[in-house]
Amino acid sequence: MSEIRVSLPDGSVKTYPAGVTARQVLASWREDLVPSAVAVRFGGNALDLSRSLHEDGALEVIGIASREGLGILRHSISHVMAQAVQDSFQGVQVSIGPSIEDGFYYDFDYAETFTPEDLAKVEARMAEIVRSDKSFERREISREEAITLFQKKGENYKVELIQDLPPDVKTVSLYSQGDYVDLCRGPHIPSTGMIGAFKLLNVAGAYWRGDEHNKMLQRIYGTGFATQEELDEHLRVLEEARKRDHRRLGRELDLFQVNEEAGAGLAIFHPKGMLLRTIIEDWERKEHLKRGYDMVMGPQILKADLWRRSGHFDHYRENMYFTEVENQLYGIKPMNCLAHMLIYKSKVRSYRDLPLRYFELGTVHRHEKAGVLHGLMRVRQFTQDDAHILCTPEQLNSEIRDIADFVAYAMKIFGFDYEVELSTRPADSIGSDADWEMATNALEQALKDNRMTYDVNPGDGAFYGPKIDFKLKDALKRKWQCATIQCDFTLPDRFDLTYVGPDGERHRPVMLHRVILGAIERFMGVLIEHYAGAFPVWLSPVQAVIQTVTDKQIPFGEEVFRRLVEADIRVEKDFRNEKLGYKVREAQSQKIPFMLVIGDREVEGRKVSPRQRDGKNLGPMDVDAFIGQVKDLCARYQ
RNA sequence: GCCGAUGUAGCUCAGCUGGUAGAGCAGGCGAUUCGUAAUCGCCAGGUCAGGAGUUCGAAUCUCCUCAUCGGCUCCA
């Protein structure tokens, strides 16, 4: 009988008879790890504990607490859910059911609609399956057998999946728990009893294979954990996210509204929201001027011919609004680049003029599909902190690097982490292969020169060029697309932009489109959720509120108010005839950074006693001392 | 755009199988002058998203439109 050599995580190497199961190996090494092991990694592949090993290799344990182990657990729960759904309802076809970031889903084809009550029923059946502790059994059968099997079961989606496998795949694996069988690559947890806690969350539509031309299936989302405590914690985070929802805070803090009567996807900024926005925009203008950008502004509508010339008419028309003026078709701008092209073309440019950096807080309109609109995050009118940089090919690298630095600085100022992605040529695009390659290389090289880590997103570029996307991460670890740098060799060509080089000849400049915060609306939405409405002092629409204890202190309150206003502090007064506790509570729920309580003691000493948003009382101090503190807190941002 | 759910006072929500709309908070008025997360009383407030239909009668049933929510597809 042949033997195999297995190296274990502690570095030791042991010999086993060929065909030994992963569980046996694990048990012989660390018996105590077996109960919490969901699978192993052997020779680079994740395998079930029940799998037999036939060759030498290194074995790692995949514990239920690890990220990978949790994914396997959730994938197994999705199988249990599929079984429960088929046990509970007649005529349901299954399709696919993977684990995802925070849980799992399974897509079903079913004539009826699943209701929340149905989910409760499914959960109950799932609990039974978990209690019965059925083991997951794996077996391999030929592709033909599998097709016959699933055809017999009426599982047309599974049949399609198998038929679409590459021709060299001869066998497929099946997993069963009890009498339920599913096509699956695996691995799975040893048995259903290992499922500690799960919950089905919601039902949603999803196209078969993610293609909008295909049938819409019903997707049931759920999540699961090794323990109930972890599930509870996860549900608590979901609740926290709900409380931070910018749509809710936008109303509670009186920042903005989206009004049905005005139109879907159109944000209306209230005074405090507009103040916040203005603070952000002022910061932008200052930072751009500092970095050698010129502020410009283009019109809201431009003739359709210009959009034809730029390629937008052919590639972006369904997202654009048009209007007719005196028999002329005009396109409402969905991007800001066109006017910037015309500014460049307004005179002959020398290589000495380059780079030219045109910056515009440009308001654009895009006809987004009704179903994608979402508070401030996805709207139909928004303002980008947009710039177009025209430079020589030689300057491209340093321009991209400067922008990446600018983004890094902005993210630090606003308190975000971020990830970087490089997106390459999409199917529907314009321009030559050579240009695309050059542009993609330029972006990639700059990322490397700046020593930034990044992922590649194939086919995700804009129609006119590749791009670098910066995905910002908020306090709840959710990612948002904000900054982007897009390389464009096409538009300068289409508009015949030139500059005179040192050789006296005309040359074609290259262009970068870029945004730093992206859309101001979305960025504000992200900011609101990131800070849960409790903005840092420099961003707070109201930085301090003055609260009198009784009417007696109003005259001094007015004096303090005047002094703060003169010192450019954004201050409100609350001199209402209410108890102090009431005023404090209200200011607290408005998340105002400082409350200045004024009672007899303060009037007497001509002082203020600031109470911070976190409840900490700073004790009595002179008004100037308080002004100084606020100024210090804002200093690095102004 | 697609699938599903939802739409009642400024906000959060009650309103059973069709029988003339209710609470808390917010708002107004009055009382209270009070020290760090809710003082008390009174008052006002709704074409039940909009439209059409069924019915003696519709917030409630049906259809259409709009909007919102959860996803999918798309995206700053």
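Values below: all heavy atoms of this structure, side chains included; hydrogens, waters and symmetry mates excluded. Chain naming here is simple, since letters A, B, ... match the order of the sequence lines and numbering starts at 1 in each.
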Extract the stems that RNA chain B is part of, considering only consecutive pairing runs of at least three Watson-Crick or G-U wobble pairs, both distances under 3.5 Å.
->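 B:1-7 with B:66-72, B:10-13 with B:22-25, B:27-31 with B:39-43, B:49-53 with B:61-65 - these are the stems of 3 or more pairs that involve RNA chain B.
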Out of [options], whichever nucleotide has its closest atom nearest the side chain of [X]:
{"X": "A/R366", "options": "B/C34, B/C75, B/C72", "value": "B/C75"}
{"X": "A/V372", "options": "B/U68, B/C74, B/U33", "value": "B/C74"}
{"X": "A/T113", "options": "B/U68, B/G4, B/U39", "value": "B/G4"}
{"X": "A/V597", "options": "B/C34, B/U36, B/C72", "value": "B/U36"}
{"X": "A/A264", "options": "B/U68, B/U39, B/C74", "value": "B/U68"}
{"X": "A/L580", "options": "B/C11, B/G35, B/C66", "value": "B/G35"}
{"X": "A/M216", "options": "B/A67, B/C11, B/C3", "value": "B/C3"}
{"X": "A/E602", "options": "B/G35, B/G71, B/C74", "value": "B/G35"}

How far does the [atom1] atom of [N] sit from the matching atom of [M], given to the nearest Å?
{"N": "B/C64", "M": "B/U17", "atom1": "C1'", "value": "26 Å"}
{"N": "B/C66", "M": "B/A26", "atom1": "C1'", "value": "28 Å"}
{"N": "B/C74", "M": "B/A21", "atom1": "C1'", "value": "43 Å"}
{"N": "B/C13", "M": "B/A52", "atom1": "C1'", "value": "29 Å"}
{"N": "B/U73", "M": "B/U12", "atom1": "C1'", "value": "34 Å"}
{"N": "B/U39", "M": "B/G57", "atom1": "C1'", "value": "46 Å"}
{"N": "B/U33", "M": "B/C40", "atom1": "C1'", "value": "14 Å"}
{"N": "B/C69", "M": "B/C16", "atom1": "P", "value": "27 Å"}

* Minimum-distance pair of heavy atoms, taken over all atoms of A/K158 and A/S95 ->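 Smallest heavy-atom distance, with atoms named: NZ-O, 2.8 Å.
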| said: Could you report the tightest heavy-atom contact between A/A339 and A/L302, atom names first, then the distance? | reply: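 Minimum heavy-atom contact is N-CD2, 4.3 Å.
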Between [X] and [N], does any side-chain N or O lie under 4.0 Å from OP1 or OP2?
{"X": "A/R219", "N": "B/G4", "value": "no"}
{"X": "A/H374", "N": "B/G70", "value": "yes"}
{"X": "A/Y582", "N": "B/A26", "value": "yes"}
{"X": "A/R611", "N": "B/G35", "value": "no"}
{"X": "A/R247", "N": "B/C69", "value": "yes"}

What's the spacing between [X] [atom1] and [Y] [atom2] if we round to 0.5 Å?
{"X": "A/M335", "Y": "A/H312", "atom1": "CE", "atom2": "NE2", "value": "4.0 Å"}
{"X": "A/R522", "Y": "A/L472", "atom1": "CZ", "atom2": "CG", "value": "10.0 Å"}
{"X": "A/R380", "Y": "A/R366", "atom1": "CZ", "atom2": "CZ", "value": "13.5 Å"}

Worksheet item: Is there a donor on the side chain of A/R251 or the base of B/C11 sitting less than 3.5 Å from an acceptor on the other?
Response: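 Flag unset: no donor-acceptor pair detected.
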Margin query: I want to know whether A/F594 and A/F626 have ring centres closer than 6.0 Å.
Written below: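 Ring-ring flag for A/F594/A/F626: true, centres closer than 6.0 Å.
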Aromatic contact, A/F416 with A/H530 (centres under 6.0 Å):
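Ring-ring flag for A/F416/A/H530: true, centres closer than 6.0 Å.
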Criterion salt bridge (charged side-chain N to carboxylate O under 4.0 Å, His left out) on A/E529 and A/K243, from CA distance to verdict | CA-CA 9 Å; A/E529 302 204 356; A/K243 275 195 226 148; over 6 Å; no
**Prompt:** Only one of A/D164, A/N214, A/D107 forms a side-chain hydrogen bond (donor to acceptor under 3.5 Å, both in side chains) with A/R209, so which one is it?
**Reply:**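 That would be A/D164; it is the only one of A/D164, A/N214, A/D107 passing the side-chain hydrogen bond (donor to acceptor under 3.5 Å, both in side chains) with A/R209.
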Expressed as a whole number of angstroms, how long is the span from [X]:[atom1] to [N]:[atom2]?
{"X": "A/L217", "N": "B/C3", "atom1": "CG", "atom2": "C1'", "value": "10 Å"}
{"X": "A/F114", "N": "B/C3", "atom1": "CZ", "atom2": "P", "value": "17 Å"}
{"X": "A/N202", "N": "B/C3", "atom1": "CG", "atom2": "P", "value": "18 Å"}
{"X": "A/R248", "N": "B/C69", "atom1": "CZ", "atom2": "P", "value": "14 Å"}
{"X": "A/E578", "N": "B/G28", "atom1": "CD", "atom2": "P", "value": "10 Å"}
{"X": "A/M377", "N": "B/C75", "atom1": "CE", "atom2": "P", "value": "19 Å"}
{"X": "A/E260", "N": "B/G51", "atom1": "CD", "atom2": "P", "value": "13 Å"}
{"X": "A/D574", "N": "B/G35", "atom1": "CG", "atom2": "P", "value": "15 Å"}

Interface with RNA chain B, restricted to residues 584-591 of chain A and to heavy atoms under 4.0 Å: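 Those residues whose heavy atoms fall under 4.0 Å from RNA chain B, taken from residues 584-591 of chain A in numerical order, are A/V584, A/R585, A/Q588.
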So A/Q384 and A/E360, do their side chains get closer than 4.5 Å, heavy atoms only?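 They are not in contact (no side-chain heavy atoms under 4.5 Å apart), so the answer is no.
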* A/E212 or A/E368: which one's nearest nucleotide on RNA chain B is closer to the 5' end? ->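 Its nearest nucleotide lies further toward 5', so the answer is A/E212.
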Q.
Return whichever of A/Q486 or A/Y207 has its heavy-atom-nearest nucleotide of RNA chain B closer to the 5' end.
A.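 Of the two residues, A/Y207 wins.
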- Might you confirm whether atom CD of A/E239 has over 12 heavy atoms from other residues, nucleotides or ligands at distances under 6.0 Å?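 More than 12 within 6.0 Å, yes.
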N/O donor to acceptor pairs below 3.5 angstrom from side-chain atoms of residues 266-276 of chain A, sequence neighbours left out:
unit_1 : atom_1 : unit_2 : atom_2 : d
A/H270 : ND1    : A/D254 : OD1    : 2.7
A/H270 : NE2    : A/Q257 : NE2    : 3.1

